[in-house]
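All of these numbers come straight from a predicted model, not from anything done at the bench.
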Amino acid sequence: MTTHMKYALYPGCLMPTEQYAYELSLRESLPVLQVQLVDVPEFSCCGEPMKSVNQLLSLYLAARNIALAEQQQLDLYAPCAMCHLALSECKHILDHNTAMRERINTLLSAENLTYTGSQQVVHTIDLLYDHIGIEKIKQQVKHPLKGWKLAVHYGCHAIRPKEIGRPDDSEHPLKIEAILRALGAEPVEDYPEKLDCCGAPLLANLPESALTKTGQKLQAIQHHGIQGLVDVCPWCHKMFDARQTKAGETIAAKLDVPVFYLTQLLGLAFGLPAEKLGLHLNQSPVEKLTVEGGA
Amino acid sequence: MTIVDLTSMGEPQTEQQREINARLVSLQNEISSYCYQCAKCTSGCEAHKLLELEPHKIVALLKRGLINELVNSDIIWTCMTCMKCRERCPQRVAPIEILFALKNMAVASGKQIPGKYTAMLQSILSLGLIQDIQQITTRMNTTVKRDELGLPPLSKPTDAQKFQAAVMKIATEKV
Ligand code: SF4
Ligand code: SF4
């Protein structure tokens, strides 16, 4: 197989500055599926974290990043759900509102950039499910995640708002479960808290409440007897994995849920070494599944 | 020019305020014809149980034109931006958009921005990103940074001045 799918990797802020396990695992596992990732210099924040402060600033930042990829004639792959929303929403606005597009382009001209709308934006979910496809993923599985009973957290920003087109359905997302089945795992398709927020958007100004949200969801997953949680966003993962102990303290519960990036599980099932997938960087007890689970 | 111009504590940004106000007025007109106070938005709101945010009440207050009261209230900063209200409203009203406009207005009027927003904005200005490379701890209690993991250099604006100039323009622009 020589046909490569080529994307500009748009890393955003959080993944490349602390959520290294996501970046490591996607850089390892996607090439197995003939995806070529191109590093583009000069990217900045996607703008999403600034929406509450100044929406025009958010729009400008998003457009700036898309324009950089357009210069290289590459579609963008944004692994972060927040980034993916910012870029998709920006595209939606600038492709439909010429006055706003001109206004943003006037600002972009200071850096000799122009937004034209020529390139597309994908996230991990649609890249794997829609562009690569379940069959191709199945073909690469060497170590099926047999017996792994997993819950999926999609992340609000990955599935809403429907109106602008998102990687999966806003109320009944099921693509990640299909991918997990292809890897040999046993995803739980539905649990009452499936669409509950991870809490991350409140981290900036109401951290206690943010952690309460995180803890409540993890506690519920634990109660259901589910063995692990899978996510596809550095913000969600930061909450569920890195902040799990703190979240437990906040709600006065002992939390013990292994949390993985989907791309880490992809790599494990493909037979890639755990270290290359950044599994030593997960703060949650992943060995409960990676060792006892037999992968 | 400094961060003060872009955020709170400085002169209120009248140009921006005018623009956000226009946005709020058009949202107000919209909801006046569409929102029938069914409270479906509140029933699914992520911030409802935990922080007592009631998006249908935000909508009702805006309908009555109480923009100042809303802008000055802390409750607008409890929204988790989950977008469920926008998704589930039978009348295609988007309380979350109202909340964004209200928060933007609070900032443009020189109100203090809560929490870490100022620090994030400052970091975007100086670095292009909300934070710089962090040293993290592995589960085996060793510490690592991105280059030690064999990851390529961080993508960020190299001409910080040029980048900053454009961002500053947004703060003060009169387009
Ligand atoms: S905004 Fe929509 S969901 Fe909320 S009360 Fe009004 S009509 Fe009902
Ligand atoms: S976006 Fe905000 S207001 Fe709307 S449902 Fe979510 S938390 Fe509530």
Check the pair Tyr20(A), Ile133(B) against side chain to side chain contact (heavy atoms under 4.5 Å, CB included), reporting the backbone distance first and the verdict last.
CA-CA 10 Å; Tyr20(A) 306 129; Ile133(B) 293 172; 3.3 Å; yes

Show the numbers, then the answer: is there a side chain to side chain contact (heavy atoms under 4.5 Å, CB included) between Leu151(B) and Leu24(A)?
CA-CA 7 Å; Leu151(B) 290 166; Leu24(A) 285 168; 3.8 Å; yes

Test side chain to side chain contact (heavy atoms under 4.5 Å, CB included) applied to Leu149(B) and Leu281(A), step by step
CA-CA 10 Å; Leu149(B) 292 162; Leu281(A) 305 178; 3.9 Å; yes

Please lay out, stage by stage, how Phe43(A) and Lys156(B) fare under the test side chain to side chain contact (heavy atoms under 4.5 Å, CB included).
CA-CA 5 Å; Phe43(A) 280 140; Lys156(B) 61 179 180 191; over 6 Å; no

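Only the side chain of Thr212(A) comes within less than 4.5 Å of a heavy atom of chain B; its backbone N, CA, C and O stay farther away. For chain A, the nearby parts of Ile130(B) are the backbone and the side chain; heavy atoms of each come within less than 4.5 Å. For chain B, no part of Ile104(A) is nearby; none of its heavy atoms comes within less than 4.5 Å. Heavy atoms of Asn282(A) lying under 4.5 Å from chain B belong to its backbone as well as its side chain.
Applying a 4.5 Å heavy-atom cutoff, the residues of residues 200-209 of chain A that approach chain B are Pro201(A), Leu202(A), Leu203(A), Ala204(A), Asn205(A), Leu206(A), Ser209(A).
Considering every non-hydrogen atom in both Arg160(A) and Cys82(B), the closest pair reads NH1-O, 2.9 Å. Between Pro152(B) and Asp39(A), the shortest heavy-atom distance links the atoms CG-OD2, 3.8 Å. A pairwise comparison of heavy atoms in Asp196(A) and Glu46(B) identifies CA-OE2, 3.3 Å as the closest pair. Minimum heavy-atom separation, Glu87(B) to Pro161(A): OE1-CA, 3.1 Å.
If you check the side chains of Glu18(A) and Gln135(B), you find no donor sitting under 3.5 Å from an acceptor. Defined by atom type and a distance below 3.5 Å, a donor-acceptor pair is missing between the side-chain atoms of His280(A) and Thr142(B). Remark: the Gln134(B) side chain and the Thr17(A) side chain contain no N/O donor-acceptor pair separated by less than 3.5 Å.
Here the side chains of Leu14(A) and Gln131(B) are in contact, with some heavy-atom distance below 4.5 Å.
The pair Glu19(B)-Arg103(A) counts as a salt bridge, with a side-chain nitrogen and a carboxylate oxygen less than 4.0 angstrom apart. Under a 4.0 Å N-O distance rule, the pair Arg139(B)/Glu275(A) does not qualify as a salt bridge.
Looking only at heavy-atom pairs under 4.5 Å with chain B, the residue among Glu111(A), Gln55(A), Met50(A) that has the most is Gln55(A). If you tally non-hydrogen atom pairs under 4.5 Å between each of Thr106(A), Val40(A), Leu195(A) and chain B, the highest count goes to Leu195(A). Counting heavy-atom pairs closer than 4.5 Å to chain B, the top-ranked of the candidates Glu163(A), Lys276(A), Lys213(A) is Lys213(A). Contact tally against chain A (heavy-atom pairs below 4.5 Å) for Met120(B), Arg88(B), Lys49(B), Arg92(B): the top residue is Arg88(B). When the candidates Pro157(B), Ala165(B), Gly128(B) are compared by the number of heavy-atom contacts under 4.5 Å with chain A, Pro157(B) comes out ahead. Ranked by heavy-atom pairs under 4.5 Å with chain B, the first of Pro11(A), Cys46(A), Cys45(A), Ser52(A) is Ser52(A). Most heavy-atom pairs under 4.5 Å with chain B: of the set Ala21(A), Ser284(A), Ser44(A), this distinction falls to Ser44(A). In terms of heavy-atom pairs under 4.5 Å with chain A, the best-connected choice from Lys103(B), Met83(B), Lys116(B) is Met83(B).
In this structure, His172(A) places its NE2 atom where only 12 or fewer heavy-atom neighbours from other residues, nucleotides or ligands lie under 6.0 Å away. Residue Tyr34(B) places its OH atom among 12 or fewer non-hydrogen atoms of other residues, nucleotides or ligands, all under 6.0 Å distant.
Taking CE from Met15(A) and CG from Leu154(B), the interatomic distance works out to 10.0 Å, rounded to the nearest 0.5 Å. Phe163(B) CZ to Leu61(A) CG: the interatomic distance, rounded to the nearest 0.5 Å, is 5.0 Å.
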